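Every value quoted in this text rests on a predicted model; they were computed, and no experiment measured them. Naming convention: chains lettered A, B, ... in sequence-line order (proteins, then strands); numbering from 1 in each chain.
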Protein chains: 2
Amino acid sequence: MRIGELSRKTGVPVPTIKYYVREGLLPPGELTSRNQATYGEGHERRLQLIRALLDVGGMKVAEIADVLAALDDPGRPLHKVLGAAADRLGGADGERDDAESAAARAVVADLISRRGWEASAESPAAADLARALAAMDRLGHGAFVEVLDDYADAAEQVARADLGYVDRQVAVEGMVEGVVVGTVLGEAVLSSLRRLAHVDASARLYGAGGPGEGGTGPAGCEAPDAPRTRRE
Amino acid sequence: MRIGELSRKTGVPVPTIKYYVREGLLPPGELTSRNQATYGEGHERRLQLIRALLDVGGMKVAEIADVLAALDDPGRPLHKVLGAAADRLGGADGERDDAESAAARAVVADLISRRGWEASAESPAAADLARALAAMDRLGHGAFVEVLDDYADAAEQVARADLGYVDRQVAVEGMVEGVVVGTVLGEAVLSSLRRLAHVDASARLYGAGGPGEGGTGPAGCEAPDAPRTRRE
DNA sequence: GATAGCGGATAGCGCCACTATCCACTTTGG
DNA sequence: CCAAAGTGGATAGTGGCGCTATCCGCTATC
């Protein structure tokens, strides 16, 4: 298969494929002449994976390059691959050191020990959690910690489901990749489901025929009235 | 309070504050002279909210502008505000129409009806869910639907917790804002917790002292070996 | 009355994910 | 056999986004 066909099959434009190769996301095709190369279905799969991590997972190209490099590494230390995969989201580098941040970190440390989680309070996930809780605190929603355990229950449940799934997939060759996919795309799935559940909840609250426009229907489908005109 | 103090209190640079005002995220200060204005603690709060939605929630400035505009609208149709808040993530506009997408949409429609959710299969959340499932299918993880109900259980549980929290907050003036905060930042909280639970799970699997470097510790803390050198 | 800060406006920057163009060179269809 | 289409490789450019720098004339403050 040559690059044009690869492009047609995956819907990714040819220049974009070349770009991914340049950035190390996609291995180059096998040269048959000075300027002719063939691509296998491994390339096709890899392209699908890249697009999924980009479009659905919201990862950045550089992050994907790291994850894929770790994934291709024969001595694949799974938790390192996952680390590379999970270290997205982690927005700002500097951890603020105001009262809210300190309190949030304490809450997180307590949560981890209370749950008996084998995780460090210094892990990126814990730092992100603390940042989110600190932001809520600053906004006067410090009481959110009251439902933190419900959230943690849900997270444990999901993690258990993930484990079961991976277990069933065991012995399949692409397991490491499966874990990455599950971790990254699973997050998108869970977020969508949460939002769906919220739609349901608010539909029940405000009932069918509440604020006009029939039930909840495609809630949130409304576009802004004006076509984005700011700054002028 | 003048702009410098506002900047000092929130940690947001003065030019950035001006930028937010220009973009309509922050109301301008009250003019006391032709070129002197005062800002209240409403401005301070709003700035914290903006930074939280930006840094923790990962929203874009234009989206935040929409949400805040809806929030300030006296005739606040809550589900529209939330719609504006939730319509992020929705990456690509065009829905692909391959076999996997169709199958995924069917799965989502089935899930919604099976659970009795009062939500439309055309809602953005459902579309996002379908996109994620379709991507998994394309990657050979169509079997993920087997754990979809576990995920849905968790999502329902979280939504219930959110409802309870909002309920307790009822009668507080900033309830609408609270819902927005809960929706957007709650997602970050849930994601962090899921990742923490994954760290815990993989620590239990690969055990303490598994692949060297002591337990799991700050799993995922490793930076890429080289300081980002590609493309040269 | 000097200095620091201000509101307002415009222009520019750095990053990112592409996209366009060009070249010399195959491959392919007629 | 030859022209048109396609290819690998390289370099430069684009558009969007979240700021950031600079300048202006003015005002509060010491």
Provide, to the nearest angstrom, the distance between the [atom1] atom belonging to [X] and the [atom2] atom belonging to [N].
X	N	atom1	atom2	answer
A:His43	D:dG8	NE2	C1'	13 Å
B:Met59	D:dG16	CE	C1'	17 Å
A:Tyr20	C:dC16	OH	C1'	12 Å
B:Lys18	C:dT10	NZ	C1'	12 Å
A:Ile17	D:dG9	CD1	P	13 Å
A:Asp55	C:dA17	CG	P	11 Å
A:Ile50	C:dC16	CD1	P	17 Å
A:Glu23	D:dG9	CD	P	15 Å

Donor-acceptor pairs are to be reported for all side-chain atoms of residues 27-36 of chain A against protein atoms at under 3.5 Å, with residues two or more places apart or in another chain.
| residue | atom | partner | partner atom | Å |
| --- | --- | --- | --- | --- |
| A:Thr32 | OG1 | A:Gln36 | O | 3.3 |
| A:Gln36 | OE1 | A:Arg2 | NH1 | 3.2 |

Salt bridge present between B:Glu95 and B:Arg105 (N-O < 4.0 angstrom):
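Here B:Glu95 pairs with B:Arg105 in a salt bridge, since their nearest N and O are under 4.0 Å apart.
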
Applying side chain to side chain contact (heavy atoms under 4.5 Å, CB included), name anything that partners A:Ala201, two or more places apart in sequence or on another chain.
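Partners of A:Ala201 by the side chain to side chain contact (heavy atoms under 4.5 Å, CB included) criterion, ordered by chain and then number, come out as B:Leu163.
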
Taking only residues two or more places apart in sequence or in another chain, which ones pass side chain to side chain contact (heavy atoms under 4.5 Å, CB included) with A:Ala159?
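Here the qualifying residues are B:Ala197, B:His198.
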
By salt bridge (charged side-chain N to carboxylate O under 4.0 Å, His left out), which residues pair with B:Glu44, not counting sequence neighbours?
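By the salt bridge (charged side-chain N to carboxylate O under 4.0 Å, His left out) rule, B:Glu44 matches B:Lys9.
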
Quick one: salt bridge (charged side-chain N to carboxylate O under 4.0 Å, His left out) partners of B:Arg45, sequence neighbours excluded?
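B:Arg45: salt bridge (charged side-chain N to carboxylate O under 4.0 Å, His left out) contacts with B:Glu177.
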
Heavy atoms from C-beta onward define the side chain here; which of [options] lies closest to that of [X]?
X	options	answer
B:Ile3	C:dC6, C:dT10, D:dT11	C:dC6
A:Leu31	C:dT19, D:dG9, C:dG7	D:dG9
B:Leu54	D:dC19, D:dG8, D:dT11	D:dC19

Within the pair A:Thr16 and C:dT19, is there a side-chain N or O less than 4.0 Å away from OP1 or OP2?
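For C:dT19, OP1 or OP2 has a side-chain N or O of A:Thr16 closer than 4.0 Å.
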
Short side-chain N/O contact from B:Tyr39 to OP1 or OP2 of C:dG7, under 4.0 Å:
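For C:dG7, OP1/OP2 do have a side-chain N/O of B:Tyr39 under 4.0 Å.
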
Could you tell me which nucleotide pairs with C:dG7 by Watson-Crick or G-U wobble geometry, both distances under 3.5 Å, or answer none if nothing does?
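Pairing partner, where one exists within any strand: D:dC24.
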
Atom pairs under 3.5 Å, N or O on each side, protein against nucleotides 24-28 of chain D: can you list them with distances?
| residue | atom | partner | partner atom | Å |
| --- | --- | --- | --- | --- |
| D:dG25 | N2 | B:Asn35 | ND2 | 2.9 |
| D:dC26 | O2 | B:Asn35 | ND2 | 2.9 |
| D:dA28 | OP1 | B:Ser33 | OG | 2.6 |

What verdict does the side-chain hydrogen bond (donor to acceptor under 3.5 Å, both in side chains) test give for B:Tyr151 and A:Arg194, after you've listed the backbone C-alpha separation in whole Å, the side-chain angles of each residue and the deciding distance to 0.1 Å?
CA-CA 9 Å; B:Tyr151 270 66; A:Arg194 188 176 100 108; over 6 Å; no

May I ask you to verify whether the side chain of B:Lys60 and the base of D:dG18 hold a donor-acceptor pair under 3.5 Å?
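Under the 3.5 Å cut-off, the side chain and the base do not form any donor-acceptor pair.
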
Compare every heavy atom of B:Val67 with every heavy atom of B:Met59, then report the nearest pair and how far apart it is.
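Closest pair (atom of B:Met59, atom of B:Val67, distance): CE-CG2, 3.7 Å.
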
Close N/O contacts between protein and nucleotides 3-5 of chain D (under 3.5 Å):
none

Pairs of donor and acceptor atoms involving the side chains of residues 133-143 of chain A, under 3.5 Å and at least two apart or interchain, shall be tabulated with distances.
| residue | atom | partner | partner atom | Å |
| --- | --- | --- | --- | --- |
| A:Arg138 | NE | A:Asp98 | OD2 | 3.0 |
| A:Arg138 | NH2 | A:Asp98 | OD2 | 3.2 |
| A:Arg138 | NH2 | A:Ser101 | OG | 3.1 |
| A:His141 | ND1 | B:Tyr165 | OH | 2.9 |

My understanding is that only residues two or more places apart in sequence, or in another chain, count here; which of them pass side-chain hydrogen bond (donor to acceptor under 3.5 Å, both in side chains) with B:His43?
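Counting only residues at least two positions away or on another chain, B:His43 forms no side-chain hydrogen bond (donor to acceptor under 3.5 Å, both in side chains).
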
